[in-house]
Amino acid sequence: MRLRHKPGAADQVKENAHYVIPNPSEQKGKWNEVFQNDQPIHIEVGTGRGRFMVGMAKANPHINYIGIEKYTSVISDALDKLIEAEVPNLKLLNVDAQKLTDFFEDGEIDRVYLNFSDPWPKVRHEKRRLTYKTFLNMYQQILKNDGEIHFKTDNQDLFEFSIMSMANYGMTMHFLSLDLHNSDFEGNIMTEYEEKFSSKGNRIYRVEAAYRN
Ligand code: SAM
């Protein structure tokens, strides 16, 4: 993600506290109260500029969504989209996902989306990949027993690493696609990165993974 300085981003995030929830650890175990309903909660880790989360929230009003993005200048673009879309079932968190268990209670979440996660290609950085075993362990903690991870990327190395990491963790995988855009998968909502890289001809890989409990 190329970062640019966005003047006023921090103020905009602060002023829209009903969309970008401040101090999310105070809501741990109480996210259904934030949304004021008992709908399932799906989160995206590394939401970026928000296209996927806003598209999903519009398409699935019976699901609550939380987009998590660590950079304020980036989440501010997602916030622009959310303000325009005015969907009640989407909130954003401007936090680092390393602390997910501070924000969500055990079993509070129904699904984790990982889209075009940073590949961290150097082996010495593998612990930073969002499908590294420590992250899989964190997702398992906050997910319900039948909760799933839905992952897509154009990066073959990251995809292969992730499949191995999930398999070594004892997860089961289904609906694996090595070319999502030429598959029979319906209802795909593209992310900003997906749009950019698929338009350059890159193949998109996708998998759904579940924990064996
Ligand atoms: N998912 C978006 C898409 O497909 O267009 C953005 C992809 S971009 C390559 C990865 C995003 O994940 C960046 O915006 C980055 O800041 C965010 N990110 C990476 N690690 C994160 C973490 N530990 N916590 C929160 N956000 C993270």
Side-chain angles (χ1 to χ4, degrees), residues 1-6 9-10 13 19-25 28 42-59 65-82 85 90-104 109 111-122 124-142 149-159 161-162 165 177 180-181 185 187-200 202-208:
M1 173 74 62
R2 191 179 310 138
L3 292 178
R4 70 195 151 86
H5 177 63
K6 190 175 172 192
V13 162
Y19 283 141
V20 188
I21 308 298
N23 308 315
S25 45
K28 181 173 175 171
H42 295 185
I43 67 172
E44 183 186 19
V45 178
T47 274
R49 306 196 191 281
R51 176 174 170 169
F52 180 77
M53 278 285 94
V54 170
M56 292 295 277
K58 273 189 192 167
Y65 292 93
I66 300 176
I68 298 167
E69 169 54 51
K70 63 181 171 182
Y71 290 118
T72 306
S73 61
V74 176
I75 209 166
S76 154
D77 284 353
L79 176 57
D80 287 340
K81 291 192 184 75
L82 176 50
L90 172 58
K91 305 292 179 196
L92 301 171
L93 305 186
N94 187 195
V95 293
D96 194 318
Q98 306 249 22
K99 297 185 184 156
L100 274 186
T101 50
D102 289 357
F103 312 132
F104 301 110
I109 300 303
R111 186 175 298 168
V112 172
Y113 286 102
L114 302 173
N115 294 318
F116 298 81
S117 307
D118 295 323
W120 294 108
K122 291 187 179 138
R124 66 186 158 92
H125 289 149
E126 71 173 356
K127 290 184 180 159
R128 299 183 190 180
R129 298 175 194 154
L130 291 182
T131 47
Y132 189 71
K133 60 187 172 190
T134 48
F135 280 101
L136 297 181
N137 186 255
M138 244 193 314
Y139 307 144
Q140 183 177 27
Q141 201 173 319
I142 64 170
I149 298 176
H150 291 194
F151 172 57
K152 57 182 173 175
T153 180
D154 68 318
N155 187 302
Q156 188 181 344
D157 289 343
L158 179 66
F159 193 68
F161 168 86
S162 302
S165 181
S177 174
L180 178 66
H181 292 188
F185 182 82
N188 183 44
I189 294 203
M190 287 224 262
T191 78
E192 278 88 355
Y193 269 64
E194 187 170 356
E195 167 98 357
K196 182 171 154 189
F197 291 116
S198 62
S199 70
K200 288 183 182 169
N202 292 12
R203 272 202 287 165
I204 308 301
Y205 305 92
R206 182 180 182 280
V207 71
E208 299 181 5

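Counting starts at 1 for both ligands and their atoms, following the listed order.
Listed by chain and number, the residues in a side chain to side chain donor-acceptor pair (under 3.5 Å) with H181 are E194 (sequence neighbours excluded).
Atom numbering of ligand 1 starts at 1 in the shown order; those under 4.0 Å from a heavy atom of D96 are 22 (C), 23 (N), 24 (N). Numbered from 1 in the order shown, with element, the atoms of ligand 1 that lie under 4.0 Å from a heavy atom of A97 read 22 (C), 23 (N), 24 (N), 25 (C). In summary, the atoms of ligand 1 found under 4.0 Å from a heavy atom of E192, numbered by their order in the structure, are 5 (O). Heavy-atom contacts of V95 reach the following atoms of ligand 1: 24 (N), 25 (C) (cutoff under 4.0 Å). Heavy-atom contacts of E44 reach the following atoms of ligand 1: 1 (N) (cutoff under 4.0 Å).
Results of the side-chain contact (heavy atoms from CB on, under 4.5 Å) test with T131 over T153, L158, I149 single out L158 as the only residue that passes.
Within the 3.5 Å criterion, the main-chain N or O of W120 finds no donor-acceptor partner in the side chain of D118.
The side chain of Y71, and not its backbone, has at least one atom closer than 4.0 Å to an atom of ligand 1 (non-hydrogen atoms only; side chain from C-beta on).
By the 30° and 60° cut-offs, the orientation of the rings of F159 relative to F151 is parallel. Using cut-offs of 30° and 60° for the angle between ring planes, the F197 and F116 rings count as parallel.
The side chain to side chain donor-acceptor pair (under 3.5 Å) contacts involving residues 93-102 comprise T72-N94, where partners must be two or more places apart or lie in separate chains.
Considering backbone and side-chain N/O of E194, none are found under 3.5 Å from N/O of ligand 1. Residue-to-ligand polar distances keep Q98 apart from ligand 1: every N/O pair is separated by 3.5 Å or more. In terms of N/O distances under 3.5 Å, ligand 1 is not approached by F116. The N/O atoms of G46, backbone and side chain alike, include one that comes under 3.5 Å of an N/O atom in ligand 1. Where the criterion is an N or O separation shorter than 3.5 Å, residue side chain and backbone included, T191 meets it with respect to ligand 1. Inclusion of E69 in the set of residues having an N or O under 3.5 Å from an N or O of ligand 1 is warranted.
Using a cut-off of 4.0 Å between Lys/Arg side-chain N and Asp/Glu carboxylate O, D77 and K6 are scored as salt-bridged.
The 12-atom threshold is exceeded at NZ of K81, counting heavy atoms of other residues, nucleotides or ligands nearer than 6.0 Å.
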